[in-house]
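Okay, so here's the structure we're looking at.
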Amino acid sequence: MAIQWFPGHMTKARRQIEAKLKLIDVVIELLDARLPLSSRNPMIDDILRDKPRLILLNKADLADPEATRKWLAYFKAEGHLAHPADASTGTGVKEIPEQVKMLLKEKIDRQIARGMNPRAMRALIVGIPNVGKSTLINKMAGRHIAAVGDRPGVTKGQQWIKTGGNLELLDTPGILWPRFEDQEVGYRLAVTGAIKEEILNIEEIAFYAVKYLVKDYGSRFQERFGIEKLPEDLENPDEIVAVMEAVGRKRGCLISGGRVDLEKASRVLLHELRAGKLGRFTLETP
Ligand code: G4P
């Protein structure tokens with residue numbers, strides 16, 4: 001799903017999440033492990049305030065493991081509990097209830113001290129489009145999937161999904177807008193497919209990807225596309241075009257006269273990159 005965000009949409013999204021916050025104990029904030037800051041909502045702290053929060057670096061299967069380690073340390077230093085996950089296979093997902101329990105320990109202990117049976121912990125999943133919210137909900141629901149039904153104080157139609165480990169999820173995640181403040185961020189989001197390609201120019205996105213690949217993952221890139229010589233000056237557009245032409249020739253993206261179809265080559269490159277064919281990569285470091 002790709003949404004174009006306008007100020008009105010943002011206000012509405014924020015209000016919807018704020019209404020849901022009243023119903024839950026904890027927020028599971030999903031970030032893309034390949035670009036944790038660019039995939040983070042710029043107003044998230046202001047929206048969530050002091051609500052306990054678990055940060056999930058999702059799609060960690062696609063990210064550079066060394067960079068993910070650095071990001072986990074970064075979020076820990078920020079005072080957050082953070083955890084890597086791959087919602088599509090379920091790696092790192094079964095640990096979530098235990099971590100939520102750690103976050104809510106004081107609250108649960110208080111309930112027990114008062115002789116109460118601790119009720120199910122309730123969570124809301126939030127994140128920008130395409131970060132894996134629905135995938136995570138389905139994975140956490142697993143065969144436990146069951147709507148608990150309306151409860152007092154719950155907006156009609158709002159359903160709770162039971163997961164293992166005494167944790168319930170609101171069935172509809174909170175959808176947040178990504179950072180847009182600078183073009184770099186836009187390109188990074190576009191490289192991973194988080195924002196619509198049509199918003200930006202496909203060749204520009206691919207050019208951005210090439211610069212990044214050459215800089216940080218040069219030998220893999222060179223090997224995959226059989227590129228003889230990597231550009232030396234990444235600020236020289238001619239050198240980037242030459243590399244893209246090599247990619248296009250390798251993949252048969254040709255137009256009449258044997259010229260390379262740069263648009264097609266750009267699509268192919270981004271497709272292979274997103275599909276993990278160039279290995280695991282991270283587009284930003286703390
Ligand atoms: P959203 O609700 O936040 O908008 O995201 P959604 O779950 O729809 O996931 C968006 C895409 O990301 C899906 O791929 C999904 O399979 C993929 N995805 C989610 N979590 C992970 C993960 O941890 N690792 C990897 N590798 N992929 C993940 P899609 O191409 O849109 O659909 P499909 O190929 O699954 O049909």
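When a ligand or atom number is given, it counts from 1 through the structure's own listing order.
For CD of E181, the number of neighbouring non-hydrogen atoms (other residues, nucleotides, ligands) closer than 6.0 Å is greater than 12. Atom CD of Q111 is surrounded by more than 12 heavy atoms from other residues, nucleotides or ligands within 6.0 Å.
Summarising the geometry, atom CD belonging to E18 is positioned 11.0 Å from atom CD belonging to Q16; distances are rounded to the nearest 0.5 Å. In this structure, CG on D238 lies 9.5 Å from CD on E245, to the nearest 0.5 angstrom.
When T135, L57, N138 are checked for heavy-atom proximity to atom 6 (P) of ligand 1, T135 turns out nearest.
For the side chain to side chain contact (heavy atoms under 4.5 Å, CB included) with I47, the qualifying choice from I17, V27, V126 is I17, the only one to do so.
Geometrically, ligand 1 and V131 share a nitrogen or oxygen pair separated by less than 3.5 Å. For ligand 1, the polar-atom distance check against L62 finds no nitrogen or oxygen pair separated by under 3.5 Å. Between A60 and ligand 1, not a single N/O pair is under 3.5 Å apart.
Every atom of ligand 1 is numbered from 1 in the order shown, and the set under 4.0 Å from a heavy atom of A87 is 20 (N), 22 (C), 23 (O).
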